[in-house]
Amino acid sequence: MIIYLERDIEHLPLTQNILKKIPQADIVRIRHYKNIFDATVQFPIEESFILARLRWDHVSTCPPGYDWYDYSFFFKSSLWCVFDCDYCYLKWAFKNHAMKIIFVNYEEIQDSIKKVISSVREKDKTGKIIFYASNYSDIQWLDMITQFNASFIPFFEIFPWVICESRTKSANITSLLPFEAPKNYEIAFSLNPESIIQQYEHKTSSLTERVHAINTLIDRGWKVGLRFLPLLPVHEYESVYRKFLEQLKEEIDFHKVHSFSVGSLLFTKEDYKVIMKKNPWFDMLYSIHQKDSTDGFIRFPLKIRTDFYKLFREFLPKEKTSICLDI
Ligand code: SF4
């Protein structure tokens, strides 16, 4: 294992904690993570990761219509996912998608979040604000190294009308269990039928394991979200997803779930071309019809999205569910 370590964050307590957890690692000191992250490297990167400082772009605004909150933001604290979903945008978004980074300057990232909250509060005292933590990583799996939960869960608790969502395909909730259920933190599990997990979501936890983790957290009073995305129109998708929802409804008390959201694949035309070039073996790409696009985005055909919409409307409580299928 090699850890590439930016020199100017070596003194931070989180850096030292992480280094202590992996004492056998070889340390290579570097000036700036981008010199490795953005380079075409010739050496193996699977057995390595970077500890770095995120210097800018800590928080970004979500696109309009992303959810039902008044103000929605993404923030980054790492770029690292151990899972291997065939549809994952990390595969084409970065030159070295196998390169993994933990940004250890949590205090600076939290300062940026505070500034965003203050600027919203100057104009709106009670508007609901959400921060999405996991757009570039599976924070929950990574928490055994990063201690994200220990830092960010208490941090978000002090802000009224604010929530942080951490989304995961991991059933490892060990690092959450020491906490009393927080009021401003939602742990959201991405779910798909087990056959789809097996075929397209490699190395992720099984559906059974995720359901067990969901019920454990619900029993302890946590806010738990269920995320059905991306829905994939596999062979006989209507019956595959119907059986899946019937099974879930038996195993999870939907009344105790904090929120649901449903969505499918959506690409810009440019991204679609890139992913087709990089992942031509991902069969679902061939079910997408570019001809349907009138707005620069491409999606599955309207019939498929309408079928999914009706099915999920039938099973999920309307008042807690956001369905984004552009129909
Ligand atoms: S879990 Fe999310 S981030 Fe990780 S590979 Fe799958 S889609 Fe990508």
Side-chain angles (χ1 to χ4, degrees), residues 37 45-46 48-50 54 60 62-63 66-67 74-103 131-146 148-149 152 164-173 175-176 186-211 213-214 224-234 260-268 271-272 274-285 287-288 299-300 324:
F37 189 71
I45 53 177
E46 283 71 22
S48 65
F49 67 92
I50 303 171
L54 185 61
S60 53
C62 299
Y66 188 76
D67 57 34
F74 302 119
F75 72 100
K76 283 198 247 354
S77 61
S78 52
L79 302 172
W80 187 344
C81 187
V82 283
F83 303 135
D84 182 18
C85 303
D86 286 350
Y87 51 77
C88 181
Y89 66 87
L90 297 180
K91 283 186 180 16
W92 71 90
F94 301 114
K95 192 178 263 179
N96 294 319
H97 76 268
M99 187 59 93
K100 305 169 275 285
I101 307 182
I102 299 170
F103 297 113
F131 289 89
Y132 293 98
S134 308
N135 263 49
Y136 301 93
S137 31
D138 195 298
I139 299 274
Q140 192 47 40
W141 182 91
L142 204 52
D143 204 44
M144 61 184 96
I145 305 173
T146 59
F148 175 92
N149 289 331
F152 281 85
C164 171
E165 178 189 303
S166 171
R167 193 174 298 181
T168 187
K169 291 190 178 101
S170 169
N172 184 350
I173 53 171
S175 70
L176 296 175
E186 179 173 25
I187 177 91
F189 289 84
S190 296
L191 300 177
N192 248 322
E194 182 61 35
S195 54
I196 290 182
I197 292 174
Q198 293 292 325
Q199 192 173 350
Y200 298 107
E201 299 177 347
H202 314 287
K203 304 182 195 166
T204 62
S205 297
S206 69
L207 182 60
T208 307
E209 290 167 331
R210 285 184 230 179
V211 168
I214 288 164
V224 175
L226 303 189
R227 305 289 175 255
F228 300 96
L229 49 95
L231 304 179
L232 297 177
V234 292
F260 300 83
S261 58
V262 179
S264 193
L265 292 178
L266 175 75
F267 302 108
T268 63
D271 283 347
Y272 183 74
V274 176
I275 190 173
M276 271 301 250
K277 208 166 154 193
K278 288 194 173 177
N279 293 6
W281 37 264
F282 176 36
D283 56 358
M284 286 293 132
L285 292 176
S287 307
I288 289 180
R299 330 158 156 83
F300 290 117
C324 182

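Start at 1 and go down the list; that is how both ligands and their atoms are numbered.
Close approach of ligand 1 to C81 is summarised as follows: ligand atoms under 4.0 Å from at least one heavy atom of the residue are 1 (S), 3 (S), 4 (Fe), 5 (S). The distance from ligand 1 to the heavy atoms of F83 drops below 4.0 Å at these ligand atoms: 1 (S), 5 (S). The atoms of ligand 1 that sit less than 4.0 Å from any heavy atom of K169 are 1 (S), 2 (Fe), 6 (Fe), 7 (S).
Atom 8 (Fe) of ligand 1 has as its closest protein heavy atom C88 SG, 2.3 Å.
Side-chain contact of E209 with N172: a donor-acceptor pair under 3.5 Å is absent, judged by distance alone. Looking only at atom types and distance, the side chain of N192 has no donor-acceptor partner in the side chain of Y200 under 3.5 Å away.
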side-chain hydrogen bond (donor to acceptor under 3.5 Å, both in side chains) between S175 and N149, worked out: CA-CA 7 Å; S175 70; N149 289 331; 3.0 Å; yes
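For Y132 and Y66, the ring centers are positioned less than 6.0 Å apart.
Taking 2.8 Å as the criterion, C85 does not count as a coordinating residue of atom 8 (Fe) of ligand 1, since none of its N, O or S atoms falls below it.
Note that CZ of F83 and CH2 of W141 are 7.5 Å apart. Values are rounded to the nearest 0.5 Å.
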